[in-house]
Q: 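Input: one structure, supplied below.
No hydrogens, no waters, no symmetry mates; every other heavy atom, side chains included, goes into these values. Just so it is clear, the model here is predicted, and its values are computed rather than measured.
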Amino acid sequence: MYNAIQDKTQDVKSKIRILLADDHKLIRVGLKSLFTKFDDMAVVSEAENGKDAVEKIKAQHPDVAILDLVLGDITGIDVVKRISDESLSTKVIILTSHIKDSDVTESLKAGVNAYVLKDINSETLVMIVRTINEGAIWIDPKAVTILRNTQTGGVIPQKTYSRANFKAQHSNLTEREYEVLKLVVDGKSNLEIAKILNISEHTSKAHVCNIIQKLLVDDRTQAAVKAIKEGLV
C-alpha cells in the first residue's frame with residue numbers, strides 16, 4: 001500500500017503540475033477535464049478567487065498557474081505581482097474573455113508568461129502550457145498588434161535598426177521573408193499574405209515556416225513578438 005501511494009506521488013511530481021483559478025466553477029471543471037486527458041499534466045489545485053490562488057501557489061508551488069483576469073477579489077495581474085514578490089518560480093497564464101491594451105501591457109509588466117483569450121482551442125492551450133513550462137512566452141495573436149502600436153513602457157523595449165543593420169543581424173532572412181515577417185506582425189493569415197504578395201498560400205506558409213526556423217522561435221506569434229522586440233519591422 002505504501003509503495004502504491006509513493007509511486008502515485010512520484011508520478012504527479014514528474015508531470016506538469018497545474019493550478020486553476022477562476023471564479024466560475026464550470027470553467028475550472030472544463031479545464032480540469034481537458035488536462036487530465038494528458039499523461040504529462042496534472043491539476044493539483046483549484047482556487048475560486050485571487051487571494052486563495054496566491055496562498056495555494058505559495059504553499060504548493062505548481063509549475064503552471066492558469067488565472068482568470070477577473071477573480072472577484074483581486075485580479076489575475078495582482079496575483080502575478082504577489083507571487084513575483086515572493087520570488088516563486090510558477091509560470092503564469094492569464095486566461096481572459098476580453099482584450100484591452102492596458103490589460104495586455106500590465107500583464108506583461110507583472111511578469112506573466114502567456115496572455116490567452118478564452119476562445120482558444122484546447123489543443124493550442126495544451127501546447128501553451130507545455131511551452132511556457134519550458135521557459136517560452138506566448139501572446140495571443142490579437143494582442144500582438146497592441147504591443148506594436150502601444151507605448152509599452154519597457155515591456156518590450158524597442159530597438160531601431162537601419163536596413164543594413166537588419167541584414168547584419170539577420171542576414172539569413174531573404175527580402176521576401178522580411179516582407180512576409182512584416183505581414184505576420186500585422187496579424188495577417190497565410191491566405192491574406194498570399195493575396196497581398198500575389199503568391200500561393202502554400203508558398204506563403206513555407207515562408208512563414210522558414211522565418212520561424214531562422215528566428216529560432218516556436219510559432220508565428222513568437223516570431224512577431226521577437227520582430228517587435230528587436231526592432232526588425
Side-chain angles (χ1 to χ4, degrees), residues 16 18-22 31 47 50-51 53-54 57-58 61-120 124-161 181-182 184-188 211-212 215-233:
I16 300 172
I18 301 169
L19 174 139
L20 304 174
D22 197 296
L31 290 172
K51 291 179 181 178
V54 171
I57 291 171
K58 288 167 61 176
H61 300 275
D63 300 305
V64 175
I66 301 178
L67 311 175
D68 189 7
L69 186 61
V70 180
L71 288 170
D73 52 353
I74 60 175
T75 69
I77 297 172
D78 290 327
V79 173
V80 178
K81 290 177 179 177
R82 294 189 185 189
I83 65 174
S84 178
D85 289 342
E86 299 284 340
S87 299
L88 301 176
S89 61
T90 298
K91 308 294 196 304
V92 178
I93 296 172
I94 290 290
L95 191 61
T96 178
S97 301
H98 309 287
I99 187 166
K100 191 168 73 172
D101 295 21
S102 58
D103 289 339
V104 175
T105 55
E106 286 303 313
S107 293
L108 293 175
K109 285 179 182 178
V112 303
N113 304 89
Y115 190 94
V116 182
L117 290 180
K118 286 184 177 178
D119 63 358
I120 196 166
T124 303
L125 182 56
V126 169
M127 176 276 292
I128 292 168
V129 170
R130 287 175 176 148
T131 56
I132 72 158
N133 184 58
E134 295 173 354
I137 64 169
W138 197 95
I139 303 171
D140 193 284
K142 295 185 181 75
V144 171
T145 303
I146 289 175
L147 294 178
R148 186 185 186 198
N149 297 332
T150 303
Q151 294 297 323
T152 58
V155 175
I156 297 184
Q158 298 291 330
K159 297 180 182 178
T160 55
Y161 289 110
L181 177 60
K182 289 192 291 184
V184 169
V185 170
D186 286 336
K188 303 298 183 184
I211 290 167
I212 289 170
L215 294 185
L216 302 177
V217 293
D218 295 323
D219 54 45
R220 65 192 298 132
T221 302
Q222 290 184 19
V225 171
K226 184 170 185 177
I228 297 167
K229 182 176 181 179
E230 298 190 3
L232 306 183
V233 294

Q: Would a 4.5 Å heavy-atom cut-off, applied to side chains only, mark D22 and L95 as touching?
A: no

Q: Using a 4.5 Å cut-off on heavy atoms from C-beta on, say whether the side chain of T124 contacts that of M127.
A: yes

Q: Would you mind reporting whether N113 and I93 have side-chain heavy atoms less than 4.5 Å apart?
A: no

Q: To the nearest 0.5 Å, what is the distance between CD1 on I139 and OG1 on T221?
A: 8.5 Å

Q: Could you tell me the separation between the OH atom of Y115 and the OG1 atom of T105, rounded to the nearest 0.5 Å?
A: 9.0 Å

Q: Can you sort out the partners of D219 under side-chain hydrogen bond (donor to acceptor under 3.5 Å, both in side chains), two or more places apart, ordered by chain and number?
A: W138

Q: Would you name the heavy atoms of I211 and A223 that are closest together and state the gap between them?
A: CG2-CB, 4.4 Å

Q: Mind checking what makes side-chain hydrogen bond (donor to acceptor under 3.5 Å, both in side chains) contact with S84, not counting sequence neighbours?
A: none

Q: Considering only heavy atoms from C-beta outward, does the side chain of L19 approach that of L67 to under 4.5 Å?
A: yes

Q: With a 4.5 Å heavy-atom cut-off, do L69 and D103 have their side chains touching?
A: yes

Q: Measuring from N133:CG to I16:CD1, what's the distance to the nearest 0.5 Å?
A: 4.5 Å

Q: Mind jotting down which residue pairs meet the salt bridge (charged side-chain N to carboxylate O under 4.0 Å, His left out) criterion with at least one end in residues 65-87? Sequence neighbours excluded, please.
A: K58-E86, D68-K118

Q: Over all heavy atoms of both residues, which pair between L71 and A21 is shortest? Give the atoms and the distance, please.
A: CD2-O, 3.5 Å

Q: Looking only at heavy atoms, what is the nearest atom pair of A65 and T90, with distance?
A: N-CG2, 3.7 Å

Q: Just so I know, are the side chains of L31 and I18 near enough to count as touching, which here means a heavy-atom distance under 4.5 Å?
A: no

Q: In Å and rounded to the nearest 0.5 Å, what is the CG to CZ distance from L181 to R220?
A: 10.5 Å

Q: Any side-chain heavy-atom pair from D140 and V104 closer than 4.5 angstrom?
A: no

Q: Which heavy atom in I132 sits nearest to a heavy atom in A114, and how many Å separate them?
A: CG2-CB, 4.1 Å

Q: Locate the shortest heavy-atom distance separating I74 from G50; write the atom from each residue and the value.
A: CG1-CA, 3.6 Å

Q: I need the T96 OG1 to D119 CG distance, nearest 0.5 Å.
A: 10.5 Å

Q: Verify side-chain contact (heavy atoms from CB on, under 4.5 Å) between V92 and V79, making sure each step is shown before the conclusion.
A: CA-CA 10 Å; V92 178; V79 173; over 6 Å; no

